[in-house]
Amino acid sequence: MGLTVALISGVVFGLGLILSGMINPAKVQNFLDFAGSWDPSLAFVMAGAIGVASLGFKLTLKKAKPLADAVFHIPTGGEINASLVIGAAIFGIGWGLVGLCPGPAVAALTIGGRGTQEFMLASMAGIAVVALARSLMGQSRSQPQPETHSQPQAQK
Amino acid sequence: MAVSEFTPLSSLSGGALIGASAVLLLLFSGRIAGVSGLLRGLLPPYTGDAFGVSLAFLAGLVAAPVVWLWITGVPVHLESPTSSWTTLAGGLLVGIGAALSRGCTSGHGVCGLSRLSPRSLVAVPVFMATAAITVFILRHLIGGGPWG
């Protein structure tokens with residue numbers, strides 16, 4: 001059941017990207033172009049997504065566990081470190097350069113032509129390089145943050 | 001450079017669909033609908049059902065334009081980047097950056113902000129700022145982009 005719902009979630013996510021116009025890199029880049037042809041649509045996408053998800057997440061996380069798994073796999077560390085800030089900065093440069101990020105790039109794989117496919121391959125290579133570097137340094141992706149969501153003694 | 005039409009209603013409702021998808025994935029699989037994290041889930045080491053869930057979600061995402069065409073009868077409109085060094089460099093930076101900060105527009109932007117994650121509250125303004133600066137340099141100082 002979990003895999004079927006994950007597949008449906010992926011389709012719904014993609015339909016949302018298409019309906020909102022966010023599958024179109026030119027439209028995303030126009031949001032980022034405050035000095036030129038500014039298109040505020042992306043802010044409305046974020047408002048719609050966060051509006052639904054913040055309420056849905058709150059209700060979902062009241063449950064002891066998800067419907068098709070034993071635990072919630074949610075990062076709980078919350079540590080602000082250099083790799084977070086530097087990584088976000090690097091991500092933004094790439095996002096601005098092309099107007100594509102992983103979600104729309106995957107959704108447009110079959111219709112976005114060779115440029116989109118090459119962007120996707122390059123992204124995957126970037127993800128793999130960091131994963132490899134982390135494993136060589138003995139730091140797996142789920143550490144140091146525990147993966148479960150219940151943390152009764154998080155605050156002293 | 002293409003000027004895009006401001007689409008508040010379809011963007012708001014498309015956003016709501018994205019939010020609903022994220023809730024669905026969390027409710028059933030207990031996972032965050034962050035696309036860079038799910039792409040990471042395709043790579044070893046494999047723990048639990050991370051690989052299966054990632055593959056299923058990403059397959060649905062790839063299939064979405066076909067489902068869209070089937071439902072609406074209208075092909076998806078988009079202006080794609082050209083095959084170029086800029087596109088390749090952008091892809092590499094996006095992959096490295098998302099992996100380092102453990103999240104992208106969907107993971108930090110949609111899911112992280114929805115649960116007020118302190119890390120996402122830092123990551124989103126940072127990547128919005130560097131992206132806007134990059135577009136400013138690209139369009140107004142250099143005058144170009146991967147659309148040729």
Side-chain angles (χ1 to χ4, degrees), chain A residues 2-3 5-7 9-14 16 18-20 24 26-27 30 32-33 37 39 41 44-45 48-50 52-54 56 60 66-69 72-73 78 83-84 87-98 101-103 106 111-115 119 122-123 126-127 130, chain B residues 2-4 7-8 11-12 14-19 21-31 35-36 53 56-57 60-62 64-65 68 78-83 87-88 90-101 104-106 110 114-115 118 123 126-127 130-132 134-135:
Chain A
L3 293 185
V5 175
L7 181 77
S9 302
V11 173
V12 173
F13 198 99
I18 296 168
L19 177 62
S20 64
N24 185 357
K27 193 170 172 68
N30 282 340
L32 297 167
D33 189 4
S37 49
D39 174 355
S41 301
F44 283 71
V45 182
I50 292 172
V52 171
S54 56
T60 299
L67 299 176
D69 202 334
F72 284 106
H73 306 272
S83 73
L84 174 74
I90 293 174
F91 171 83
I93 295 172
W95 187 37
L97 267 184
V98 188
C101 52
V106 173
I111 53 172
R114 218 178 117 195
F119 177 91
S123 292
I127 292 172
V130 174
Chain B
V3 175
S4 55
T7 53
S11 286
L12 193 68
L17 279 181
I18 293 170
S21 156
V23 174
L24 207 56
L25 191 71
L26 186 71
L27 178 61
F28 280 82
S29 301
R31 291 184 187 276
V35 176
S36 62
V53 170
F57 184 96
L61 194 52
V62 170
W68 173 269
L78 77 170
E79 289 125 290
S80 294
T82 55
S83 168
T87 302
L88 273 179
L92 193 63
L93 293 173
V94 159
I96 291 173
L100 277 179
S101 66
C104 56
T105 335
S106 46
V110 174
S114 292
R115 54 190 198 90
V126 169
F127 69 59
T130 57
T134 303
V135 170

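Residue numbers start from 1 in every chain, and the chains themselves are labelled A, B, ... in the order their sequence lines are given, proteins ahead of strands. Both backbone and side-chain heavy atoms feed into the values below; hydrogens, waters and symmetry mates do not. Since this is a predicted model, take the numbers as computed values, not measurements.
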Highest number of heavy-atom pairs under 4.5 Å with chain B: which of [options]?
| options | value |
| --- | --- |
| A/Gly2, A/Cys101, A/Gly103, A/Gly113 | A/Gly103 |
| A/Ser83, A/Ser123, A/Gly96 | A/Ser123 |
| A/Leu84, A/Ile50, A/Val5, A/Ile111 | A/Leu84 |
| A/Ala89, A/Ala122, A/Gly56 | A/Ala122 |
| A/Ile18, A/Ile90, A/Val130 | A/Ile18 |

Next on the checklist: Checking A/Phe44 now: which residues fulfil ring-ring contact (aromatic ring centres under 6.0 Å, His included) with it, not counting sequence neighbours?
Outcome noted: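 Once residues adjacent in sequence are excluded, the partners of A/Phe44 under the ring-ring contact (aromatic ring centres under 6.0 Å, His included) criterion are B/Phe6.
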Main chain of [Y], side chain of [X]: is a donor-acceptor contact present, judged purely on distance under 3.5 Å?
| X | Y | answer |
| --- | --- | --- |
| A/Ser54 | B/Ser114 | no |
| A/Ser20 | B/Gly14 | no |
| B/Ser11 | A/Val45 | no |

Minimum heavy-atom separation for [X] and [Y], please, with both atom names.
| X | Y | result |
| --- | --- | --- |
| A/Pro102 | B/Val94 | CD-CG1, 3.6 Å |
| B/Phe127 | A/Ala88 | CB-O, 3.1 Å |
| B/Val110 | A/Ala49 | CG1-CB, 3.8 Å |

Checklist entry - Quick one: are A/Phe91 and B/Thr105 in side-chain contact, heavy atoms under 4.5 Å? => result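 Yes; the side chains approach each other to less than 4.5 Å.
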Item to check | Student check: side-chain heavy atoms of A/Val106 and B/Val62 closer than 4.5 Å | outcome: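 Of all side-chain heavy-atom pairs linking B/Val62 with A/Val106, at least one is under 4.5 Å.
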Between [options], who has the most heavy-atom pairs with chain A when the cutoff is under 4.5 Å?
| options | result |
| --- | --- |
| B/Val23, B/Leu17, B/Leu61 | B/Leu61 |
| B/Leu25, B/Leu78, B/Val53 | B/Leu78 |
| B/Cys104, B/Gly95, B/Pro8, B/Ser36 | B/Gly95 |

Report the distance from atom [atom1] of [X] to atom [atom2] of [Y], rounding to the nearest 0.5 Å.
| X | Y | atom1 | atom2 | result |
| --- | --- | --- | --- | --- |
| A/Phe72 | B/Ser29 | CZ | OG | 10.5 Å |
| A/Phe119 | B/Thr82 | CZ | OG1 | 12.5 Å |
| A/Thr60 | B/Phe28 | OG1 | CZ | 9.5 Å |
| B/Leu26 | A/Leu67 | CG | CG | 10.0 Å |

Next on the checklist: If I measure from the heavy atoms of chain A, does B/Thr134 come under 4.5 Å with its side chain, its backbone, both, or neither?
Outcome noted: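 Side chain only.
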Next on the checklist: Using the rule given for side chain to side chain contact (heavy atoms under 4.5 Å, CB included), can you reason through B/Ser106 versus A/Phe13, listing the C-alpha separation, both sets of side-chain angles and the distance that settles it, and then say yes or no?
Outcome noted: CA-CA 10 Å; B/Ser106 46; A/Phe13 198 99; 3.7 Å; yes
Checklist entry - Could you go step by step and tell me if B/Thr130 and A/Trp95 meet the side chain to side chain contact (heavy atoms under 4.5 Å, CB included) rule? => result CA-CA 9 Å; B/Thr130 57; A/Trp95 187 37; over 6 Å; no
Item to check | Any residue meeting side-chain hydrogen bond (donor to acceptor under 3.5 Å, both in side chains) with A/Ser41, in chain and number order, not counting sequence neighbours | outcome: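 Listed in chain order: A/Lys27, A/Asp39, B/Thr7.
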